[in-house]
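Quick caveat: nothing in here was measured; it's all calculated off a predicted structure. Ligands are counted one by one from 1 in listed order, and the atoms in each one are counted from 1 as well.
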Amino acid sequence: MSGRVAGRTIIVTGGASGIGAALARGFADEGANVVVADLNEDAAQALTADIAAAGGHAIAVKVDVTDRETVRSGIATAVERYGRLDAYFNNAGMNAPMKFLDVSESNFEAVMRVNALSVLIGTQEAARQFLAQGAGGKVVNTASIAGRQGFSSFAPYSAAKAAVISLTQAAARALAEHHVTVNAFAPGVVATPLWTKLDRELEEIGEGQNGFDSMASGILLGRPADPADIVPTGLFLASSDSDYITGQVIPIEGGMILV
Ligand code: NAD
């Protein structure tokens, strides 16, 4: 298979569902060796079987992005199988909507761990592998427009995604001398299983007015994103086309931020 990422080994965390699964399929379609790293091992394996049936190269690894040991072992498995690592997508994330005054310390910490601490751990461990290989490598983080705007029903999540943006910039500065680039993309509203769960939980806490339909109504291009809308930017950031770009956050939100 040929393509912009042909022969590259790319790890996608949270790769078993939604945006991560679309990226994994998109990378495999363009000839990459894809490592689907997810807490949900069954879903990761089902996806890699699908990719293999379509003639692509993919393996599944069970990883908890908040647990450094599993992150390390996921990278080791990828390198053992495909010989090297070229790009690492810190994409796994979760959200737990809450009224602002109800957010507790433990709520805040739990959301920060999965969305932000995971980016620190994943970037450090991927960078260690890149340095062991010599130089070069790409880290790509999934931020969110929530990290720029701060949504009232999603305060911990918004804070965590702001942290993802800062970590992207800090890591880009720290790793540039090793020719490792670190970038992020910031989706707006993407139709994935995450939103199905969010909509239900927003209703339960009486904040249904902040759900998917209301967010999507503020999109200039007139529709929410499909996970497939994220793939071209993912391919760009995983390929040599983006070699001279680092520390940047690319919005993919249909003009939402302008509204
Ligand atoms: P999703 O729920 O469809 O997929 C998330 C995946 O992450 C799941 O497969 C889940 O098993 C995995 N995961 C969760 N916790 C994990 C952990 N601790 N370790 C390993 N894997 C874990 O969600 P999605 O909508 O595809 O979201 C993907 C990313 O995009 C997230 O970072 C999310 O915050 C971000 N994002 C989503 C939207 C949106 O509108 N859907 C918008 C902006 C940003």
Looking only at protein heavy atoms, identify the closest one to [atom] and say how far it is in Å.
{"atom": "atom 14 (C) of ligand 1", "result": "G93 O, 3.9 Å"}
{"atom": "atom 42 (C) of ligand 1", "result": "G188 O, 3.1 Å"}
{"atom": "atom 30 (O) of ligand 1", "result": "T142 CG2, 3.2 Å"}
{"atom": "atom 8 (C) of ligand 1", "result": "D38 OD2, 3.6 Å"}
{"atom": "atom 19 (N) of ligand 1", "result": "V65 N, 3.0 Å"}
{"atom": "atom 1 (P) of ligand 1", "result": "S17 OG, 3.6 Å"}
{"atom": "atom 34 (O) of ligand 1", "result": "Y157 OH, 2.6 Å"}
{"atom": "atom 22 (C) of ligand 1", "result": "A92 CB, 3.7 Å"}

Near [X], which atoms of ligand 1 are under 4.0 Å from a heavy atom of that residue?
{"X": "V189", "value": "40 (O)"}
{"X": "G14", "value": "6 (C), 7 (O), 12 (C)"}
{"X": "W195", "value": "39 (C), 40 (O), 41 (N)"}
{"X": "P187", "value": "42 (C), 43 (C), 44 (C)"}
{"X": "G18", "value": "3 (O), 26 (O)"}

Query raised in the report: Backbone N or O of V164 within a donor-acceptor pair of the T168 side chain at under 3.5 Å?
Result: yes
Query raised in the report: Do side-chain atoms of K161 reach the backbone of N115 as a donor and acceptor pair under 3.5 angstrom?
Result: no
Are any of the N/O atoms in [X] less than 3.5 Å from those in ligand 1?
{"X": "L39", "result": "yes"}
{"X": "T66", "result": "no"}
{"X": "A143", "result": "no"}
{"X": "S144", "result": "no"}
{"X": "G20", "result": "no"}
{"X": "I19", "result": "yes"}

Report task. Tell me, please: is T13 in heavy-atom contact with ligand 1, that is, under 4.0 Å? Result -> no
Do [X] and [Y] touch side chain to side chain, with heavy atoms closer than 4.5 Å?
{"X": "M256", "Y": "M215", "result": "yes"}
{"X": "L85", "Y": "Q133", "result": "yes"}
{"X": "L235", "Y": "V5", "result": "yes"}
{"X": "V71", "Y": "Y88", "result": "yes"}

Query raised in the report: Do the rings of W195 and F212 sit parallel, tilted or perpendicular, given the 30° and 60° boundaries?
Result: perpendicular
Query raised in the report: If you measure from the Lys or Arg side-chain nitrogens to the Asp or Glu carboxylate oxygens, is any gap between R200 and E203 under 4.0 Å?
Result: no
Report summary line: For I59 and T77 the tightest heavy-atom approach is CD1-CG2, 4.2 Å
Looking only at non-hydrogen atoms, which of [options] approaches [atom] most closely?
{"atom": "atom 2 (O) of ligand 1", "options": "V119, L117, N95, L194", "result": "L194"}
{"atom": "atom 29 (C) of ligand 1", "options": "N91, N40, L23", "result": "N91"}
{"atom": "atom 20 (C) of ligand 1", "options": "L47, T192, V63", "result": "V63"}

Report task. Could you list all the salt bridge (charged side-chain N to carboxylate O under 4.0 Å, His left out) pairs where at least one residue sits in residues 205-225, not counting sequence neighbours? Result -> K99-E207, R223-D229
Requested in this report: Scan residues 77-93 for pairs that pass salt bridge (charged side-chain N to carboxylate O under 4.0 Å, His left out), counting only residues two or more places apart or in two chains.
Outcome: R84-D86
Query raised in the report: Around atom CD of E105, are there more than 12 heavy atoms of other residues, nucleotides or ligands at under 6.0 Å?
Result: no
Query raised in the report: So with a 6.0 Å cut-off around CZ of R173, is the heavy-atom count from everything else above 12?
Result: no
Report task. Tell me, with the steps shown, if Q124 and R68 meet side chain to side chain contact (heavy atoms under 4.5 Å, CB included). Result -> CA-CA 10 Å; Q124 288 174 324; R68 190 180 291 276; 2.7 Å; yes
Requested in this report: Indicate, as side chain, backbone, both or neither, the part of K161 found under 4.0 angstrom from ligand 1 when only non-hydrogen atoms are considered.
Outcome: side chain
